[in-house]
Asks: 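One structure follows; several queries about it will come next.
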Number of protein chains: 2
Amino acid sequence: MITIKDIAKKAGVSYATVSRALNDKSDVNPKTKKKIIKLAQEMGYRPNVIAQNLVKQRSNNIALIVPDVSNPFFADIARSITEAANESEYVVTINNTGWDPKQEHYILDHMQSQQVAGIIIKPTVFYEPGTFDSVRVPLVVFWHPNKDKTDFIEMDHSIGAELATNHLIERGYKNIAYIGGAGTSPANQLRLMAYQKALQEHEMEVRQDWISYGGFNLKSGYNRIKSLLENDKVKPDAVFCGNDYLALGVLQYLHEKNISVPEEFGVMGYDDIYFSSLPMINLSTIAQPRDKMGKKAVDLILDQIEFQEKRNLENNNNYRSPSRILLKPELKIRGTT
Amino acid sequence: MITIKDIAKKAGVSYATVSRALNDKSDVNPKTKKKIIKLAQEMGYRPNVIAQNLVKQRSNNIALIVPDVSNPFFADIARSITEAANESEYVVTINNTGWDPKQEHYILDHMQSQQVAGIIIKPTVFYEPGTFDSVRVPLVVFWHPNKDKTDFIEMDHSIGAELATNHLIERGYKNIAYIGGAGTSPANQLRLMAYQKALQEHEMEVRQDWISYGGFNLKSGYNRIKSLLENDKVKPDAVFCGNDYLALGVLQYLHEKNISVPEEFGVMGYDDIYFSSLPMINLSTIAQPRDKMGKKAVDLILDQIEFQEKRNLENNNNYRSPSRILLKPELKIRGTT
DNA sequence: CTGAAAGCGCTAACAC
DNA sequence: GTGTTAGCGCTTTCAG
């Protein structure tokens, strides 16, 4: 490996001068600088980032911790984060918790050993306040803003559900059911509340037998629309689903029963997965700005880093109040409503 | 930050001893070791991985370079790589080239500055021999084995296409068309050749007007099956598609025209994306072992690292012949054939 | 078994 | 403008 000392020797200067030249510091003779830069290029010099980081007391890695990168939602976020980070000379490491709080805890510790510049994390469902008390580096959490002292970013599920429900109402559906995800999921709860509120604001009845919880998958959607439409009670004429997979299950059932969509029955999904936009599916849904989520997260990390450095430099004790950001989802009107 | 010196002071030993104890070296008094480990725990000591790496002259990062992590294929690979790497105390950084060779080149350089332990790369389509000549760290390339001196891993597209074509033939289809992806893609070319070979082996005619190339997307599949079935020539009764998106476009067209699948027409896809397994799609296809691809890549990196270290240690000049691995795809028989 | 000390490659403070 | 030097936190000889 070739180091600044090698260059120094060849250039006949001290290696400190090489360092200065390569880092474009002021107070270096332009000629010397030029010569050194040229030499470095010729010799194929690559700065040893590890050594630089040791001096700086911080690496140029941002750790992204998610339950599972292969989940399209997180994959999209991962991409926007890596792109944003790369623009500022940071590198992003990916870590999967596999939805396991123990693993999450381990990774959190491990990443700090790596002297990462910052951590962006989507906590497992079992996150509780205090989990991040031991984190000593810039941190951004994808979660609902709470009174914690960390930076939070989350999608505004209330607005999303309101958008969806109102759209269904505007289209003239009178009996709108809710096929939700896991009952314990905060996202699900917020959407349910917003759905109920939207109905009430239009003086429509909220029926408990039209509200259900369950797995976020296709089969679950199929089974639930089936039981909704095959019992004796009043039947809904539209349904708002907790995610697109559920909606796909609903569509499949309706298709099998020859119930025409959107004429006889309206369907709204949530998430806008790739397949929802396909002509053969063409599902109306709510899109969540994942791209913005990633970019914003990197922004906040960089902001914290900057703040930290300024504080160290000026040796003060200023307090940076945490950012709490809610991202607005967007209505995608397609064929099913 | 708390360092080994802090621990040493508190334990009344030298910091070298602390290092030894924490690294579980032999030749440390068991009592001392125990005391130090306990102390480290109490004081919340976290090893500074950067400093460790500086000494080791290598980081514990493996760089994964792909065109786009948000592509499900790469997302799956990313997951299996991170999981395999984490088991060996390595961390994986993700880098997107955005299919841009310039960006790829830059990242390749940048990652070596980071002193990464190894690089796993899926090259952009413009890869040519020699691209990796400047790489001085363990490297694994997802590409077709060639005479380069690097480790290669690739899916066996020939076998995959053979599997698909033979299955169509076995099911009794007589006129099998090929709707391929980009004509320049090596994967596409290999599959085309295998398709032709399989037909010939069954003494079936290879018709050039049943072979087409184009975008790997749904619309492209739709348009191409349309022109195949709406012209005057002999019409095929089955089609092998270059990927599942193309097949989805085909299915949509057949559905619109009320052509029953698999009775009147057979369809095979390639890739086994998530949606192919959905009951409403139920596409027969070829699954590629992405999980194995990731695990194997990490294996090879670790193997190279080990080899390198042994060579340094013994100061010899042994040559390690590169691994060239072809992974076997798997036939998924579902409803469309 | 343990301590002293060199050194990994680099930055930055200080001297000239 | 440039050289000298300390030091980032750690591992690893080398003495003892």
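Every chain is numbered from 1, with letters handed out A, B, ... down the list of sequences.
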Asks: Over how many whole Å does the gap from B:I4 atom CD1 to C:dA4 atom P extend?
Replies: 14 Å
Asks: Quick one: which of C:dT11, D:dC10, D:dG1 gets closest to the side chain of A:N23?
Replies: C:dT11
Asks: Could you state the atom-to-atom distance from CZ of B:R58 to C1' of D:dC10 in whole Å?
Replies: 15 Å
Asks: C:dA12, D:dT12, D:dC8: which one has an atom nearest the side-chain heavy atoms of A:A16?
Replies: C:dA12
Asks: Calculate the interatomic distance between A:E309 atom CD and C:dA12 atom P; express it in whole Å.
Replies: 11 Å
Asks: In this structure, how many angstroms lie between the C1' atom of C:dC10 and the CG atom of A:N60, rounded?
Replies: 14 Å
Asks: Starting at CG of A:L54 and ending at C1' of C:dG9, how long is that distance when rounded to a whole Å?
Replies: 9 Å
Asks: Are any non-hydrogen side-chain atoms of B:V92 and B:Y90 less than 4.5 angstrom apart?
Replies: no
Asks: From D:dG9, C:dG9, D:dT2, pick the nucleotide closest to the side chain of A:V28?
Replies: D:dT2
Asks: Do A:Q304 and A:D151 meet the criterion of a side-chain donor-acceptor pair at a distance under 3.5 Å?
Replies: yes
Asks: Would you kindly compare B:T32 and B:A51 by the position of their nearest DNA chain C nucleotide and give the one closer to the 5′ end?
Replies: B:T32
Asks: From CD of A:Q52 over to C1' of C:dT11, roughly how many Å is that when rounded to an integer?
Replies: 9 Å
Asks: What nucleotide, of D:dG1, D:dT12, C:dT11, holds the atom closest to the side chain of A:V55?
Replies: C:dT11
Asks: Taking the side chain as everything from C-beta on, heavy atoms only, tell me whether B:V141 gets closer than 4.5 Å to B:I153.
Replies: no
Asks: Does a side-chain N or O of B:Q57 approach OP1 or OP2 of C:dG9 to a distance below 4.0 Å, or not?
Replies: yes
Asks: Are side-chain heavy atoms of B:P123 and B:T131 found at a separation under 4.5 Å?
Replies: no
Asks: To the nearest Å, how far apart are A:K56 NZ and D:dG7 C1'?
Replies: 17 Å
Asks: Which listed nucleotide (D:dG9, C:dT11, D:dT2) is nearest to the side chain of A:T17?
Replies: D:dT2
Asks: Mind checking A:K25 for me? I need base, sugar-phosphate or nothing, with any heavy atom below 4.0 Å counting as a touch.
Replies: sugar-phosphate
Asks: From C:dG3, C:dA6, C:dT11, pick the nucleotide closest to the side chain of B:Y15?
Replies: C:dA6
Asks: Whole angstrom is fine here: how far is it from NZ in A:K5 over to P in D:dG3?
Replies: 14 Å
Asks: Is any side-chain N or O of B:R20 under 3.5 Å from a base N or O of C:dG3, one able to act as donor and the other as acceptor?
Replies: yes
Asks: Base, sugar-phosphate, or nothing: which does B:N53 touch, judged by heavy atoms less than 4.0 Å apart?
Replies: nothing
Asks: Hey, does B:S19 reach any base, or is it just sugar-phosphate, or nothing, if we go heavy atoms under 4.0 Å?
Replies: base
Asks: Taking the side chain as every heavy atom from C-beta outward, state whether B:D76 and B:R79 have any pair of such atoms under 4.5 Å apart.
Replies: no
Asks: Would you call A:K10 and A:E42 a salt bridge, using N to O less than 4.0 angstrom?
Replies: no
Asks: Between A:Y45 and C:dC10, does any side-chain N or O lie under 4.0 Å from OP1 or OP2?
Replies: yes
